[in-house]
Amino acid sequence: MRFFSICILALCSEVAIAQSHKEKTISVSLPQINVYENKNTLNILKWGTDSVDADISQTVIIHEQKTFEDVPAGNYSGITHIKGDEYAVVSDKTDSEGYYIFKIKFGKDGDILDIKNKGWQDLGGTNMDEEAIAYNPHNNHLYIGNEEGSTIQEITLNNKTVLTKPIADYQKRGEHNRIIESLCYDPFRQHLFTINEASLKGDPFTSLRLKELNDSLQEVAEYEYLMDEPLKKDSRPVNEHAYGVSELLSLGDGTLLVLEREFYVTKLKLGSWVNNKIYRIKPGFHGKQFITSWKTSLSLGNFNLANYEGMCEGPKTKDGRHVIILCADSQNQYKGVLKDYFRTIVF
């Protein structure tokens with residue numbers, strides 16, 4: 001998302017974990033495990049023959065967000081695993097289209113220990129607001145989601161463009177700067193998934209269109225996704241109040257993770273905040289499984305605001321838990337105070 005440059009006096013982070021995503025928040029220090037009192041054990045989702053708990057947040061670990069010296073200043077908006085410890089990362093405001101290769105080292109608990117920049121892969125063209133990236137291990141191709149033009153671009157690991165195709169209804173009815181933010185490859189179906197960040201013109205306010213695409217980037221299915229109502233309800237422009245889905249991730253079992261993000265900028269800037277929530281869904285079935293949430297905000301004294309836009313899976317822990325990597329867009333480390341944060345959640 002191309003947010004306007006925020007004039008910042010000073011920054012701080014106030015990380016909060018909700019008793020439930022609709023209940024009163026409790027401020028805690030990270031890393032931590034989410035704890036929810038009075039949990040309703042009868043709150044079960046039915047996905048066909050599968051029954052899942054609607055809220056697993058009490059088992060989720062959120063590791064502390066971190067910065068790394070070797071990561072260049074950027075506008076990191078998408079991340080995907082390629083091989084071994086190598087990950088492709090896109091930035092939405094680079095001088096040309098392309099991606100970085102980062103090597104990421106993890107601890108036994110799934111926390112990130114170090115990130116090394118292995119270099120920039122230049123594709124030669126103009127960056128069309130690269131917001132997402134996905135990797136297909138079956139053909140060794142990368143796919144980049146471009147918000148400008150609402151296109152998906154397929155490239156080889158030799159950095160040759162194979163195909164670029166628009167998402168027609170996103171292109172025709174999408175609100176500027178609120179279209180493609182998300183892309184993932186699902187090995188279960190061997191298809192790609194993308195979703196519009198905010199509702200299309202004429203669609204209900206919270207209704208988004210989750211698209212399933214084949215390896216020719218043709219749409220094979222569409223599913224409705226109902227995002228949460230924003231915490232703030234107003235008519236402020238998108239560069240002051242952005243909300244919607246900023247990333248998708250496939251868990252490889254027929255389910256997807258959805259990262260909902262709300263970024264609210266106050267008139268005085270201090271007191272501005274970003275609220276993130278992660279849900280698990282099964283396309284074609286109703287109900288969202290709540291995974292976790294966290295919130296960062298601006299105040300005097302600290303520089304920890306983090307607008308998380310990218311998400312992918314890292315190596316599982318030895319006991320089989322998922323490790324989810326998240327990267328934040330710092331607006332190119334704006335004014336030297338915003339930072340390129342990374343963090344993981346484990347469940």
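These numbers were taken from a predicted model, which means no experiment stands behind them.
What you find for Ile281 and Gly287 is that their closest heavy atoms are CG2-O, 4.2 Å. Closest of all the heavy-atom pairs between His81 and Lys83 is NE2-C, 3.4 Å. Closest approach of Gly252 and Pro187 over heavy atoms only: CA-CG, 3.9 Å. Here the closest heavy-atom approach between residue Asn214 and residue His191 is recorded as CA-CD2, 3.5 Å. Here the shortest heavy-atom pairing between Val346 and Asp109 reads CG2-O, 3.5 Å. Minimum heavy-atom separation, Gln333 to Pro72: NE2-C, 4.3 Å.
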* So Trp120 and Ser96, side-chain contact (heavy atoms from CB on, under 4.5 Å) or not? Walk me through it. -> CA-CA 10 Å; Trp120 170 253; Ser96 61; 4.1 Å; yes

* May I have the step-by-step check of side-chain contact (heavy atoms from CB on, under 4.5 Å) for Glu313 and Ile324, ending in yes or no? => CA-CA 5 Å; Glu313 188 162 14; Ile324 308 303; 4.2 Å; yes

* Asked: Hey, mind stepping through Tyr185 and Tyr143 against ring pair (Phe, Tyr, Trp, His ring centres under 6.0 Å) and telling me if it holds?
  -> CA-CA 9 Å; Tyr185 178 77; Tyr143 299 82; 7.4 Å; no

* Candidate pair Trp47 and Arg280, rule side-chain contact (heavy atoms from CB on, under 4.5 Å), full reasoning -> CA-CA 11 Å; Trp47 291 339; Arg280 177 173 167 241; 3.9 Å; yes

* Asked: Under the side-chain contact (heavy atoms from CB on, under 4.5 Å) criterion, do Glu154 and Thr161 qualify, and how do the steps go?
  -> CA-CA 6 Å; Glu154 179 182 0; Thr161 296; over 6 Å; no

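Linking Ile, Leu, Val, Met, Phe, Trp and Tyr whenever their side-chain heavy atoms come within less than 4.5 Å leaves Leu208 and Val220 in two separate clusters. Ile56 and Val52 fall into different hydrophobic clusters, where Ile, Leu, Val, Met, Phe, Trp and Tyr side chains are chained together by heavy-atom contacts under 4.5 Å. At a threshold of 4.5 Å between side-chain heavy atoms, the hydrophobic network of Ile, Leu, Val, Met, Phe, Trp and Tyr places Ile155 and Val89 in two separate groups. There is a path of hydrophobic side-chain contacts, each under 4.5 Å, that joins Ile195 to Tyr223. Cluster annotation: Ile112 and Ile61 are assigned to the same hydrophobic cluster (Ile/Leu/Val/Met/Phe/Trp/Tyr, side-chain heavy-atom contacts under 4.5 Å, transitive).
Taking 4.5 Å as the limit, every side-chain heavy atom of Thr156 sits out of range of all side-chain heavy atoms of Asn140. You'll find the side chain of Asn177 stays beyond 4.5 Å of the side chain of Glu148, heavy atoms only. Within the 4.5 Å cutoff, no side-chain heavy atoms of Leu248 are placed close to those of Leu257. Residues Glu197 and Val245 have side chains not in contact (no heavy-atom distance under 4.5 Å, counting atoms from C-beta outward). Residues Gln65 and Leu326 have side chains not in contact (no heavy-atom distance under 4.5 Å, counting atoms from C-beta outward). Between Asn196 and Leu200, some side-chain heavy-atom pair lies under the 4.5 Å cut-off. A heavy-atom distance below 4.5 Å is found between the side chains of Pro230 and Phe205. At a threshold of 4.5 Å between non-hydrogen side-chain atoms, the residues Lys116 and Glu69 do not count as touching.
A donor atom on one side chain and an acceptor atom on the other are found under 3.5 Å apart for Ser51 and Lys46. Residues Asp253 and Thr255 bring a donor and an acceptor atom of their side chains to less than 3.5 Å of each other. Thr296 and Asn304 form no side-chain donor-acceptor contact under 3.5 Å, judged by distance and modelled atom types alone. Residues Glu130 and Gln153 bring no donor and acceptor atom of their side chains to less than 3.5 Å of each other. In summary, the side chains of Glu309 and Asn307 do present a donor paired with an acceptor at a separation below 3.5 Å, with no hydrogens or angles considered. Side chain to side chain, Glu181 and Ser246 fail the donor-acceptor criterion of an N or O pair below 3.5 Å.
Counting non-hydrogen atoms of neighbouring residues, nucleotides and ligands closer than 6.0 angstrom, the CG atom of Asp95 reaches no more than 12 such neighbours.
Scanning for side-chain hydrogen bond (donor to acceptor under 3.5 Å, both in side chains) contacts around Asn159 gives Tyr99, Gln121, with sequence neighbours left out.
For Tyr308 and Tyr76, the distance between ring centers is not under 6.0 angstrom. Between Tyr225 and Phe193, the ring centre distance reaches or exceeds 6.0 Å.
Taken to the nearest 0.5 Å, the OG1 atom of Thr292 stands 12.0 Å off from the CD atom of Gln58. Going from atom CD1 of Ile180 over to atom OH of Tyr170 covers 7.0 Å, rounded to the nearest 0.5 Å. Distance check: His176 NE2 to Ser150 OG gives 10.5 Å after rounding to the nearest 0.5 Å. Between the CD1 atom of Ile144 and the CG atom of Leu123 there is a distance of 5.0 Å, given to the nearest 0.5 Å. To the nearest 0.5 Å, the span separating CD1 on Ile115 from SG on Cys327 amounts to 8.5 Å. Remark: Tyr279 OH to Asp55 CG distance equals 9.0 Å, nearest 0.5 Å.
Using a distance-only test at 3.5 Å, with no hydrogens or angles considered, a donor-acceptor pair links the side chain of Thr194 to the main chain of Ser182. Remark: side-chain polar atoms of Thr80 are paired, donor with acceptor, to backbone N or O of Tyr135 under 3.5 angstrom. The closest donor-acceptor contact from the side chain of Asp70 to the backbone of Asn117 lies under 3.5 Å. Judged by distance alone, the side chain of Ser57 and the main-chain N or O of Phe290 form no donor-acceptor pair under 3.5 Å.
Contact check on Arg261 versus Asp329 returns no salt bridge, with no Lys/Arg side-chain nitrogen under 4.0 Å from an Asp/Glu carboxylate oxygen. The pair Lys288-Asp228 meets the salt-bridge criterion, with a side-chain N (NZ, NE, NH1 or NH2) lying under 4.0 Å from an Asp/Glu carboxylate O. Using a cut-off of 4.0 Å between Lys/Arg side-chain N and Asp/Glu carboxylate O, Arg189 and Asp186 are scored as salt-bridged. Note on Asp85 versus Lys103: salt bridge recorded, some NZ/NE/NH1/NH2 to OD/OE distance being below 4.0 Å. Contact check on Lys93 versus Asp129 returns no salt bridge, with no Lys/Arg side-chain nitrogen under 4.0 Å from an Asp/Glu carboxylate oxygen.
Trp294 carries Arg343 over the face of its six-membered ring, with the cationic atom under 6.0 Å from the centre and within 45° of the normal. Cation-pi check for Lys282 over Phe285 is met; the charged atom lies under 6.0 angstrom from the ring centroid and within 45 degrees of its normal. Note that Arg178 lies in the cation-pi zone of Tyr243, set by a 6.0 Å cut-off to the ring centre and a 45° limit from the axis. The side-chain tip of Lys232 points at the ring of Tyr264 from less than 6.0 angstrom away and within 45° of straight on. For the pair Lys295 and Trp273, the cation-pi criterion (under 6.0 Å, within 45° of the ring axis) is fulfilled.
Using bins of under 30°, 30° to 60° and over 60° for the plane-to-plane angle, the ring pair His322/Phe347 lands in the tilted bin.
Checking each of Thr126, Asn127, Asn332, Asn75 against Thr94 for a side-chain hydrogen bond (donor to acceptor under 3.5 Å, both in side chains) leaves exactly one that passes, namely Asn127. Exactly one of Leu231, Asn276, Val274 qualifies for a side-chain contact (heavy atoms from CB on, under 4.5 Å) with Glu262. That residue is Leu231.
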